[in-house]
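Structure first, then comments.
Scope of the values below: all heavy atoms of this structure, side chains included, with no hydrogens, waters or symmetry mates.
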Amino acid sequence: MPPMSTPLCGEPESRGKAGALGLVLGHPFDTVKVRLQTQNKYQGIMDCMVKTYRHESLLGFFKGMSFPIASVAVVNSVLFGCYSNALLALTATSHQERRAQPPSYTHVFVAGCTGGLLQAYCLAPFDLIKVRLQNQTEPRAQLGGPPPRYRGPVHCAACILREEGPRGLFRGAWALMLRDTPTLGIYFVTYEWLCRQYTPEGQTPSSATVLVAGGFAGIASWVTATPLDVVKSRMQMAGLERGAYQGMLDCIVRSARQEGLGVFFRGLLINSARAFPVNAVTFLSYEHLLLAWA
């Protein structure tokens, strides 16, 4: 799930900068999470981190980051634009009026789900390419060594189109939509609730409140998202082995049979650990950027 920000309308550039900062901060943790979810050769978080560093150096933790960085402004604009418009349609109040007349949590949840659904559709191809590149575990480049399967994001996209067709770019998209639709609703509700609890009525949340609310909202969303995040990542990698899974349900059943129900919680700890600082920093950056653009 991409870094999220407050349910406010702002300049696309501010959303892009805030989202990019969150991505850079959280991408190494995301790489470890993806590898734990899709590969069985690691004994845990520390084992994955040590092996990645030894074989690929620090650069190994940043594989697949270029496409998310390039697309973060568009993806965030879709999310926040859809959220704001949905909330406006549901409440018929502008952002300025919402300070005095806060929307109901039901409206916040529905608007968040709407933004999550449409964002997931736009995000699917970029997320697929990111996951494929993150799973390349070739050691440091050596003369005469085997080249990686994908030489970069553009080459990865071209290979998927050639080998799997246009539908290949949307592999795992249903799982991504089912992951993001409710969890973004939960995210926005959690953030709004925490801000209201610790902010005097009619006032703007303080920086400390934004940090804490954003961090805990990120954790809450990932706790609910991780099982489907595992399914999504596995389906995205399944294209490398024809017929690995016949669909989302087949992926769930086969994963549970072969590895037990615990498989659906792989990456939960690292997801939660990265969610707090990433979302806290993203929220705070976004709030300050909004003030600068005001």
Side-chain angles (χ1 to χ4, degrees), residues 1-2 23 27 30-42 48 52 56 59-72 74-75 78-79 116-139 141 145-181 183 225-259 263-264 266-267:
M1 198 160 15
L23 277 172
H27 195 82
D30 187 63
T31 298
V32 174
K33 179 265 296 184
V34 166
R35 292 185 177 190
L36 289 173
Q37 290 177 340
T38 57
Q39 302 181 37
N40 293 317
K41 63 182 181 180
Y42 302 114
C48 181
T52 298
E56 304 164 61
L59 294 178
F61 294 100
F62 291 92
K63 286 183 176 178
M65 192 174 70
S66 56
F67 255 30
I69 286 288
S71 64
V72 66
V74 174
V75 171
V78 169
L79 169 62
L117 176 66
L118 296 174
Q119 175 209 247
Y121 184 80
C122 298
L123 179 65
F126 299 105
D127 190 68
L128 172 69
I129 292 167
K130 174 188 75 71
V131 168
R132 292 281 180 93
L133 292 173
Q134 284 175 316
N135 269 295
Q136 292 196 141
T137 57
E138 286 79 12
R149 181 184 181 93
Y150 304 121
R151 297 192 295 271
V154 175
H155 181 251
C156 178
C159 288
I160 293 170
L161 283 170
R162 184 176 64 251
E163 298 167 6
E164 304 170 46
R167 290 182 62 185
L169 286 173
F170 289 88
R171 191 177 298 276
W174 278 112
L176 179 63
M177 288 182 186
L178 289 175
R179 183 199 76 175
D180 281 2
T181 301
T183 52
T226 296
L228 276 169
D229 190 48
V230 173
V231 175
K232 171 203 69 82
S233 296
R234 291 184 165 216
M235 291 193 68
Q236 288 172 327
M237 290 303 297
L240 300 180
E241 301 174 12
R242 295 279 183 180
Y245 299 116
Q246 300 305 310
M248 189 166 60
L249 183 60
D250 182 48
C251 177
I252 293 171
V253 171
R254 288 174 59 180
S255 295
R257 282 178 179 172
Q258 294 169 7
E259 302 169 65
V263 69
F264 299 113
R266 284 187 187 175

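- Residues R162 and C159 are in side-chain contact: their nearest non-hydrogen atoms beyond the backbone lie under 4.5 Å apart.
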>> Determine whether R266 and N40 satisfy the following criterion, side chain to side chain donor-acceptor pair (under 3.5 Å), listing intermediate values before the conclusion.
In response: CA-CA 11 Å; R266 284 187 187 175; N40 293 317; 2.9 Å; yes
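- Residues R149 and H155 approach most closely at O-CE1, 3.3 Å, considering heavy atoms.
- Closest heavy-atom contact between V263 and S255: CG1-O, 3.9 Å.
- When the ring-ring contact (aromatic ring centres under 6.0 Å, His included) test is applied to F126, the partners found at least two apart in sequence or on another chain are F67.
- Of all non-hydrogen atoms in V32 and C48, the two that sit nearest each other are CG1-SG, 3.8 Å.
- The local environment of OH in Y121 is sparse, with at most 12 non-hydrogen atoms from other residues, nucleotides or ligands closer than 6.0 Å.
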> Would R132 and E163 count as a salt bridge (Lys or Arg N to Asp or Glu O under 4.0 Å) if you check the C-alpha gap in whole Å, the side-chain angles of each, and the deciding distance to 0.1 Å?
Replying inline: CA-CA 14 Å; R132 292 281 180 93; E163 298 167 6; over 6 Å; no
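- Residue Q134 holds its CD atom at 7.0 Å from NZ of K33, rounded to the nearest 0.5 Å.
- Closest non-hydrogen pair, L36 versus Y42, comes out as CD2-CB, 3.9 Å.
- Looking only at side-chain heavy atoms (C-beta outward), K232 and Q37 stay at 4.5 Å or farther from each other.
- Across T52, T137, N135, a single residue satisfies side-chain hydrogen bond (donor to acceptor under 3.5 Å, both in side chains) together with R35, and that is T52.
- The structure places CG of L128 at 6.5 Å from SG of C156, a figure rounded to the nearest 0.5 Å.
- K63 contributes a side-chain N or O that, together with a main-chain N or O of Q136, makes up a donor-acceptor pair within less than 3.5 Å.
- Between M235 and R171, the shortest heavy-atom distance links the atoms O-CD, 2.8 Å.
- Atoms CE and CG, on M177 and L123 in that order, are 10.0 Å from each other to the nearest 0.5 Å.
- For the residue pair V34 and V131, the shortest heavy atom distance occurs at CG1-CG1, 3.9 Å.
- The CE atom of M248 sits 11.0 Å away from atom CG of L176, with the distance rounded to the nearest 0.5 Å.
- Remark: L178 CG to D229 CG distance equals 12.5 Å, nearest 0.5 Å.
- Considering OG of S233 and CG of D30, their distance stands at 8.0 Å, rounded to 0.5 Å.
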